[in-house]
Amino acid sequence: MINQIDYTYKDRVWCGKINEKYVNKEVKIYGWVHRFRDMGGILFVDLRDRTGIVQVVMSSELKINKLSLEDVLEVVGIVKERPIENINPNIATGNFEVIAKEIKILSKSEALPFMINEDYKDIRDLKIDEATRLKYRYLDLRRLQMFKNMYFRHKIIKYIRDFMDNEDFLEIETPLLAKPTPEGARDFLVPSRLQPGKFYALPQSPQLFKQILMVAGIDRYFQIAKCLRDEDLRADRQPEFTQVDIEMSFISKKDIFLLIENLLDYVLNNLGIEISIPFEVIDYNYAIKHFNSDKPDLRFNYPVKKWNNSIKINLNDEDFDINQAYYIFFKNLVLTRKELDKLNEFLRQNNLKFLYLISSNSGESFFKGSLVKFVDINEVDNYLRNENQFYNGDYIVFVISSKNYLNELILIKNYLIENKVLKPVKDFYFLWVDNFPLFKVEEEKVGNKLIRKISPEHHPFTNVLEEDKDKVYMIYEKLKKNPNIIYDDEFVKEVLSIRSLAYDLVLNGVEIASGSIRITDIKFQKIIFEIIGINEEDANRKFGFLLEAFKYGVPPHGGIALGIDRIIALLLGYNSIREVIAFPKTQSGTCLLTKAPSEVDLSQLKELGIKLMEVN
RNA sequence: GGGGGCGUAGUUCAGCACGGUUAGAACGUUGGCCUGUCACGCCAAAGGUCGCGGGUUCAAGUCCCGUCGUCCCCGCCA
C-alpha cells in the first residue's frame, strides 16, 4: 500500500520538475498517461502533468492492468539518472526516469475523441477541427500548449494586480446586473422575477460605475472586468471578454499614457518580454491620412505615395485613373524566384495593376508586371530614382490604381507580410493614437431617405480638446437654429473636425486599449447629449444618476480599458482570442461544451412573466 | 443581414473538375508478439447512413437545390 500519512499537497512532486536533486530518492508522482511503449518484459510510460512529462519504467513484475492513453496514475518510484545512451534530449526531464515500485490506476480513460499527445515534430502539423476541440475542451486544455496559454494569462493578470496595487489603485467589483443602456452595443438582457416586465442588462463595460467611484473619492480604481456585448463574433471578438478597466482622478491624458506604459513595461518584463517606453504617439488625422486606418501596424511602415500623373501610363481601362494612381515602395525587398511567381499569381488573381523592378545577377535591373507594356520604362525609372532616395535595383515598386487604391496596396502589403517576405522592424509595436474626433456622423437609410445622425466617436462622456470647445458650442447653436443643417456637408466637416480627449493604444495594428478624459461639467455634458440627439428627459432617464452625482463635487477624471484577451493573443502569436480563453463560444455564440444557450422550462418562463413568440 | 471556405472511419486527410469495381491512407482503437523504448517495432482485425433533406440520372461521396454545423470576412462592435 502507498503510505498516505505524511504526504500533503506541499510535497507534490511534479512530473516535469524531476531533476538531479531527486536522484536515488523515492518520489510519488501523479499524472496522465501521455504515451506508453510496451516492450513485453518492460513498459515505458510517459507520465504527464501540467508541468511536463517524465518517463516511468515498469518491469513486468508490477502486474498492473492494461494501460490506456490518458489513464490517471499514482506512481511511487525511485528517480534514476539515465545511462548516457538512453538520454532523451527532447524532453526537459530526459536525463532522468522514475523506476516504479508501486502503481495505482486512479482512473481509466476511454478511447479519446482526438489525440492530445501529438505535439512532437511533424505531428505538430496535424490540426484538429476547432469544434471538436471545444466540445471536449477539458481534453484540449490538457495539452501542454494550452496549459501554457492559461498560465501566461494567469501571470499577466497577477502582475497587473501587483502593479496596480503598488500604484495605490483599488480593485472594486461593479455589478453584473446593471441598467440597460440603449447607446452603443446591444445589451444582454436578464429578466427580473421580482419586478416582472423589467430587465437588467449585463454590462458592456463598468463605465458609469467607475465614474461614480471617482465621485465617491476612490480616486484610483481598477478592475479585471468581464464585459458583455450581444454583437456578432469574430476571431478577436467574443460576447464576453475581459478588460483591465481603469479610472483615475486629478490627472491628465499624459498620466494615463504614463501609467499604461509603466504597467505594460512591468508586466511584460516580468514575463521576459522587453519593450521600450514611452510609446510613440501619432495623431488620429495623421494615421487616417497616411495609413487609411486608426490602428496602423507600424511594424511594416511603407508609406503610400501619389503617382506623378505627368509620368504617363497608357492604359485603357475605365477603372484606371492616373490621377488616382498611387504606389508603394518596399525598401530592401528581395524576392526569390518562387516568391516572385507566387506574388505574380496573387496579383493576377486579384486583378491588380502593377509594375515591379527586379535586378538580375549581372546587376542590371528591369521592370516587369502587367503595366510594363503601358509605360515608358526609362521615364518611370528616372522618376522613381528622383523620388526615392535609396532607390536601387534591390527595390521593388508597385504601381496600381483604382477607386480603392489604398485597400489594394494594403492587400499587397498584407500578402507580403503573411508570406513573411516583409520583416517586422520589431516584434511588438505599441502606438498611441491620440486626438480622436469627438463625433462621427452616420447615415442610415429609412425608406428611400438618407437620415444623418451625430453620435459620439468614443462615448458620450468623452471630453473635448480644450481648444476645440468653442466649436462644440458653435455647432450646438447652429443645430438649435436649424436641425437640418446636418445635411450640409460643410457643417458635417465642421462636426468631424472637433477633436476629443480620447485615445487608443494599438499593438501591431490591433486596438488593445481605448480611453478618454471625461466630461465633469454638467452643463457641457447636457450640450453633448443634445447634439447627439438625447434630449433632457432621455438624459435624465438613462444617465440621471450620473448627472445627479456630479452635482455633489466631482473630481476631474479619466481612464482607459485594456482588452486582455487581445493582448495575450498578440503576445503569444495567435490570431484568435479563443486560444487564450478557457471556454470560448463559437461564431454563432454557442458553447459546444455545455450546449449553452438552451431552451428553458415553461415554468421558468412563467415565473418571469415571459411568453415566447415566433420570430422570423 | 450579406459574401466566402470547409463538412468522407474516433482524429487528420485523399477521392469529387470529367458520376460507374468492394470508398482508401496515416494516427488512434481491439487482439497477439517483444526486457531499453521514447512519434518504439512487428503480425492481425474491427471501424463509414460520405453532415442532413430533396432533386437530376440506369447509376450520386462526386452534379443541382435547400438546410444545419463550423471557420474567415463585410455590416455590426458608443
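A quick note: this is a predicted structure, and the numbers were derived from the prediction, not measured. Basis for what follows: all heavy atoms, side chains included, without hydrogens, waters or symmetry-related copies. In what follows, every chain begins at residue 1, and chains take the letters A, B, ... in the order their sequences are listed.
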Name the nucleic acid region contacted by A/Met39, choosing base, sugar-phosphate or nothing; use a 4.0 angstrom heavy-atom cut-off, strictly under. base
For A/Phe44 and B/U37, is the gap between ring centres under 5.5 Å while the planes differ by less than 30°? yes
In Watson-Crick or G-U wobble terms, both distances under 3.5 Å, what is the partner of B/G69? B/C6
Using the ring of A/Tyr503 (Phe, Tyr or Trp, six-membered ring only), decide whether A/Lys253 places NZ or CZ under 6.0 Å from its centre and within 45 degrees of its axis. no
With a 4.0 Å cut-off on heavy atoms, is A/Glu130 in touch with a base, just the backbone sugar-phosphate, or nothing at all? sugar-phosphate
Between C1' on B/G36 and CE on A/Met58, what's the gap in Å once rounded to a whole number? 15 Å
Can a side chain N or O of A/Ser60 be found less than 4.0 Å away from OP1 or OP2 on B/C34? no
Separation of B/U70 atom C1' from A/Leu134 atom CG, nearest Å, is 10 Å
Which part of the nucleic acid, if any, lies within reach of A/Lys135 when heavy atoms closer than 4.0 Å are counted: base, sugar-phosphate only, or nothing? nothing
Taken to the nearest whole Å, CZ/A/Phe36 to C1'/B/C34 is 14 Å
Of the listed nucleotides B/U70, B/U37, B/A39, the one nearest the side chain of A/Asn90: B/A39
Closest of B/U37, B/U11, B/U29 to the A/Ile128 side chain is B/U11
Rounding to the closest angstrom, what is the interatomic distance between B/C50 and B/G7 at atom C1'? 10 Å
Protein-nucleotide distance (A/Leu62, atom CG; B/U35, atom P), rounded to Å: 16 Å
With a 4.0 Å cut-off on heavy atoms, is A/Arg578 in touch with a base, just the backbone sugar-phosphate, or nothing at all? sugar-phosphate
Among B/C77, B/U12, B/G31, which nucleotide has an atom closest to any side-chain atom of A/Arg229? B/C77
What is the base-pairing partner of B/U12, counting Watson-Crick and G-U wobble geometry with both distances under 3.5 Å? B/A25
Provide the distance between the two C1' atoms, one in B/U11 and one in B/G28, to the nearest whole Å. 7 Å
Crowding at CZ, A/Phe300 (>12 non-hydrogen neighbours, <6.0 Å): yes
Pick base, sugar-phosphate or nothing for A/Asp129, based on heavy-atom distances below 4.0 Å to the nucleic acid. sugar-phosphate
Tell me: CD of A/Gln204 to C1' of B/C77, nearest whole Å? 9 Å
Identify whether any heavy atom of A/Thr590 sits under 4.0 Å from a base atom; if not, whether one sits that close to sugar-phosphate; answer base, sugar-phosphate or nothing. sugar-phosphate
Among B/C72, B/G75, B/G36, which nucleotide sits nearest the side chain of A/Ile42? B/G36
Nearest-neighbour nucleotide for the A/Glu97 side chain, B/C27, B/U37, B/U70 considered: B/U37
Distance below 4.0 Å between A/Arg37 side-chain N/O and B/U37 OP1 or OP2: no
Can you say whether a donor on the side chain of A/Arg35 sits under 3.5 Å from an acceptor on the base of B/G28, or the other way round? no
Of B/U11, B/G75, B/U37, the nucleotide closest to the side chain of A/Arg234 is B/G75
Testing A/Val472, A/Leu438, A/Ile531, A/Ile454 for side-chain contact (heavy atoms from CB on, under 4.5 Å) with A/Val495, which one passes? A/Ile454
Please tell me if A/Arg237 has a side-chain N or O lying less than 4.0 Å from either OP1 or OP2 of B/C74. no
Assess, by modelled atom type and distance only, whether the side chains of A/Asp504 and A/Tyr284 contain a donor and an acceptor separated by less than 3.5 Å. no
Have a look at A/Gln207 and say if it touches a base, only the backbone sugar-phosphate, or nothing, with a 4.0 Å heavy-atom cut-off. base
Regarding A/Thr586, tell me which of base, sugar-phosphate or nothing describes its non-hydrogen contacts under 4.0 Å with the strands shown. sugar-phosphate
Find the distance A/Asp187:CG to B/C77:C1' and express it as a whole number of Å. 13 Å
Assigned partner base of B/A44, Watson-Crick or wobble definition, under 3.5 Å: B/U30
Between B/C27 and B/G41, how many Å separate the two P atoms, rounded to a whole number? 8 Å
Rounded to whole angstrom, note down the P distance from B/U57 over to B/G75. 44 Å
For B/C63, which nucleotide is its Watson-Crick or G-U wobble mate, given both distances must be under 3.5 Å? B/G55
Touch class at under 4.0 angstrom, heavy-atom based, for A/Pro460 against every strand present: base
note: A/Leu233, atom CG; B/C74, atom C1'; distance rounded to Å ~ 15 Å
Results of side chain to side chain contact (heavy atoms under 4.5 Å, CB included) for A/Ile522 - residues two or more places apart only: A/Lys526, A/Leu547, A/Phe550, A/Lys551
Salt bridge or not for A/Arg499 and A/Glu457, using N-O below 4.0 Å? no
Determine whether a donor-acceptor pair (one donor, one acceptor, N or O, separation below 3.5 Å) exists between the side chain of A/Asp232 and the base of B/G75. yes
Passing candidate, side-chain contact (heavy atoms from CB on, under 4.5 Å) with A/Ile568, options A/Leu570, A/Asp565, A/Leu572: A/Leu572
Please determine, for the side chain of A/Asn86, which listed nucleotide (B/C38, B/C72, B/U70) has the closest atom? B/C38
Are any of the side-chain heavy atoms of A/Tyr138 and A/Leu593 separated by less than 4.5 Å? yes
Respond yes when some side-chain nitrogen or oxygen of A/Arg82 is under 4.0 Å from OP1 or OP2 of B/U37, and no when none is. no
Could you check how far CZ of A/Arg133 sits from P of B/U12, rounded to whole Å? 11 Å
Is a donor-acceptor pair below 3.5 Å formed from side chain A/Glu231 to base B/G75, judging by atom type as modelled? no
Of the listed nucleotides B/U70, B/G28, B/G75, the one nearest the side chain of A/Ser588: B/U70
